[in-house]
Amino acid sequence: MEALSHLTQEALVNRSTPRPARHVALAAVSALVLSLGLAACGGDADSDSDGGSADGPVEITIATFNEFGYEDLITEWNAANPDIQVTQKKVGTWDDAKENLYTKLAAGSGLSDIEAIEGDAMPAMLAESDAFVDLTDPELDGRWLDFKAAAATNADGQMIGYGTDAGPEGICYRSDLFKKAGLPTDRDEVAALMGTWDDYFATGEEFVSKVPGTAWYDSTGGTAQAMLNQVENPFEQSDNTVDVENPELEAVYATLTSNVEKGLSTQLTQWSDDWTASFQKDGFATMACPGWMLGVVSGNADGVEGWDFANVFPGGGGNWGGSFLVVPKQSEHPDEAKEFAAWITAPEQQVKAFQAIGAFPSQVEALQTPEVLDMTNEFFNNAPVGQILSDRAAAITVQPYKGPKYSDILQAFQAALVRVDDGSNTPEESWETFLSDVEQL
Amino acid sequence: MPHDVEVKTGDAAQAASPGSSSPDPHDVRLSARRTSGPRSAWRQRLSRWDVRFSPYVYISPFFILFLIVGMFPLVYTAVVSVYDWSLIGGKGEFVGLQNYRDVIENPYFLKSAVNTISIFLLSSVPQILMSLALAGLLDTALRGATIWRMGVLLPFVVAPVAVGIIFGSLFGDRYGLINEALGWVGLPSVAWHTDRLASHLAIATMVNWRWTGYNALILLAAMQSVPRDLYDAAAIDGANRFRQFTSITVPSIKPTVVFVVITSTIGGLQIFAEPRMFDSTLAQNGGSDRQFSTMTMLIYDFGWHLRDLGRASATAWLLFLLIIVIALGNYVLSRRFGTLTKARRRR
């Protein structure tokens, strides 16, 4: 999963610019020390994972980001399991969660008993397998879609994480803006317009020529994610050698940067305040929508009418995101944490999470249930989102290879696109910076 | 205590020095030895030790605490900086000064250093001038003085992160309030997050908003201790209010100005929360092209994004050295400025 907007913050933000002190010299010295301490200290260590004395209930925490749809499920578990009481800790975005995760992994304490991990970062977690509890359980064989299970399994065959949702993508679009541009508004007719990326962008050029001031897609970054998820080896070869100067990646980069000149992109950074605001300002007409994005759109575009969801994805299908739950070895109650993680990622529970926020289940059984298949979404003009996402999941042919550096390189690649979007670099300059950034990793 | 007596009669400075503080120590020692046995001598010695060492014991908690939370990280950071040291994996090979070389050769180092100094100048200089002016105004006979003085401190109460979020939104490139306001009066919008100087101005605005009132109160406290008869004398000599301010007020509060200058130097060079919160997403680190990445953000970038504590520590030490150099420079400058005004006054 990705993120909503960057609001609440953790450890790092507590460090402000210090000023007052008693005496000049002491002020100088102690403040200098603070500056050094910044590098040496490991962030706040909140240890609310204790409890569980011999007779009291075991208290465990689960840390999630964005929306997982777990609130009601946790209430349900707590009512049924007086011995294991679960509390949820939520942060705004995966970026927040990632910083917190690495800081506390380094500190060796302070993590929740269960941590949610964004799918693209899972390979990096597998590389740190020592820090996490082996969750392998023969009883759970076959619970998840093959690619989901494989993404959570390390080279030694240990399953480190339990899959939550998957991210099959469709296209969210504004039928009112389509109408304004003289384009068809019906879901199926829209789908016919964007079978390939070339078609999708060509329709976009037609659209922006008719509706000046509104872009075709929400962000270059989001579209890049969608395109990269159809590339077999976007950043790394299958032996984990970094290889970013490959023709597929260069083609994606060239296409997206040239789209900027054509006015197809909002030129906004995905997940920024301006990006969030653009949902309310007719900023764009379409966007790549994994299941979990539906909740983001309806939240950001609250009150905007005309959103719909088309059963199509340029280039076939693609999986964007979908998360995992891991249990850090720091946890004082790994067994209870594992038990709860297994329960909440079971098909029955993930179906309820889908109903709550639209996160499409990654569990084989859940995909067949009428609760998923018959689900419609009122905000998206009552689109049959369950059926559409199932079709989109079936259309996925490529699972990109994601090595341990995938998440970091992706971040650098997104930054490279933003530099072109905001005009601070030419595409060539930005590509050079990207190469040097990747070298630093 | 026996030495209280002497304080009353003797020179205060003499009384303060531990050796001379007992009343005629020679006499007492003699009489003690004469009248009673070793017990009393022991007591005498204790009493002398008390006088000599107590002050140090009383102030020692600060220094012991400082050694633990201050010196230790400082030294430890120096140790980490000469190793290949991963955030997760911990200590690796000894690499000598390689981390320092890597940091200095990193293209973002120079950029961050320049940004830091630029943001520091854009914030500290106007901030101290504004604080002085504000303190000067608050020092006049105002109705409801306390309310005004409390008022200037209000921005300081707001957490820097909250300031960052609010200002980040105000300074939005596309839909921010400031750009919309510029549009109303027909001015072109400013790319606050993309243009390097504009981003520095925006961040300096946050810093100034937060710290001007705080510094003004410190300066005001100093101003209130300036003897009022100096002003009366100056007024008789025909100096107007502005002349009184520059020739009497400012030179009289010089030590406090130096204090404010040095603390704001340190704070300014360590700036982190404001630029960090100014970023449009946390995945960035001081703008898409490091337009407003500062030195502390670079430390954070090395340590927590690249997960390389070795380079992070090396950067921390380089920042430490930079702060020392600039703080010393400021100190010299502030002193020079003091002596200049004094010289002018003598003339």
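Below, chain A is the first sequence line, B the second, and so on; all start at residue 1.
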Problem set entry | Interchain contact, B/R196 with chain A, by part (heavy-atom threshold 4.5 Å) | neither
Exercise. Can a salt bridge be assigned to the pair B/R311 and B/D308 using a cut-off of 4.0 Å between side-chain N and carboxylate O?
Worked result: yes
For this session: Heavy-atom distances under 4.5 Å only: say whether A/Q267 touches chain B with side chain, backbone, both or neither.
Result: both
Problem set entry | Within the 6.0 Å centroid threshold, strictly below: A/Y217 and A/F284 | no
Problem set entry | Side-chain touch A/F65/A/S323, heavy atoms, less than 4.5 angstrom | yes
For this session: Sort A/Q440 into side chain, backbone, both or neither according to what part of it lies under 4.5 angstrom from a heavy atom of chain B.
Result: both
Exercise. How far apart are the closest heavy atoms of B/T281 and A/S272, and which atoms are they?
Worked result: CG2-N, 3.7 Å
Exercise. Picking from A/L268, A/T433, A/D130, A/L417, which has the most non-hydrogen pairs under 4.5 angstrom with chain B?
Worked result: A/L268
Exercise. Do the two ring centres, one from B/F171 and one from B/H193, sit under 6.0 Å apart?
Worked result: no
Exercise. Taking 4.0 angstrom as the limit, do A/E99 and B/R276 come out as a salt bridge?
Worked result: yes
For this session: For residues A/E429 and A/R419, determine if any side-chain heavy atom of one lies less than 4.5 Å from a side-chain heavy atom of the other.
Result: no
For this session: Pick one of side chain, backbone, both or neither for A/N425, based on which atoms fall under 4.5 Å of a heavy atom in chain B.
Result: side chain
Problem set entry | Which of B/D102, B/D289, B/N106 touches chain A most, by non-hydrogen pairs under 4.5 Å | B/D289
Exercise. Quick one: what part of B/A191 sits under 4.5 Å from any heavy atom of chain A, side chain, backbone, both or neither?
Worked result: neither
Exercise. Among A/S436, A/A415, A/A277, A/S430, which has the most heavy-atom pairs under 4.5 Å with chain B?
Worked result: A/A277
Exercise. Given that the side chain runs from C-beta out, which part of B/Y108 has a heavy atom under 4.5 Å from chain A: side chain, backbone, both or neither?
Worked result: side chain
Problem set entry | Contacting moiety of A/D422, where chain B heavy atoms sit under 4.5 Å | both
Problem set entry | Heavy-atom check, side chain of B/I104 versus side chain of B/L318, under 4.5 Å | yes
Problem set entry | A/S278 versus chain B, the contacting section by heavy-atom distance below 4.5 Å | both
For this session: With a 4.5 Å cut-off on heavy-atom pairs, point out which of A/A106, A/G283, A/G108 contacts chain B the most.
Result: A/A106
For this session: Side-chain contact test, heavy atoms from C-beta onward, threshold under 4.5 Å: evaluate it for A/W275 versus A/N300 and give yes or no.
Result: yes
Problem set entry | Region of B/R307 that comes under 4.5 Å of a non-hydrogen atom in chain A | side chain
For this session: Would you mind checking which part of B/L306 comes under 4.5 Å of any heavy atom in chain A, side chain (CB onward), backbone (N, CA, C, O), both or neither?
Result: side chain
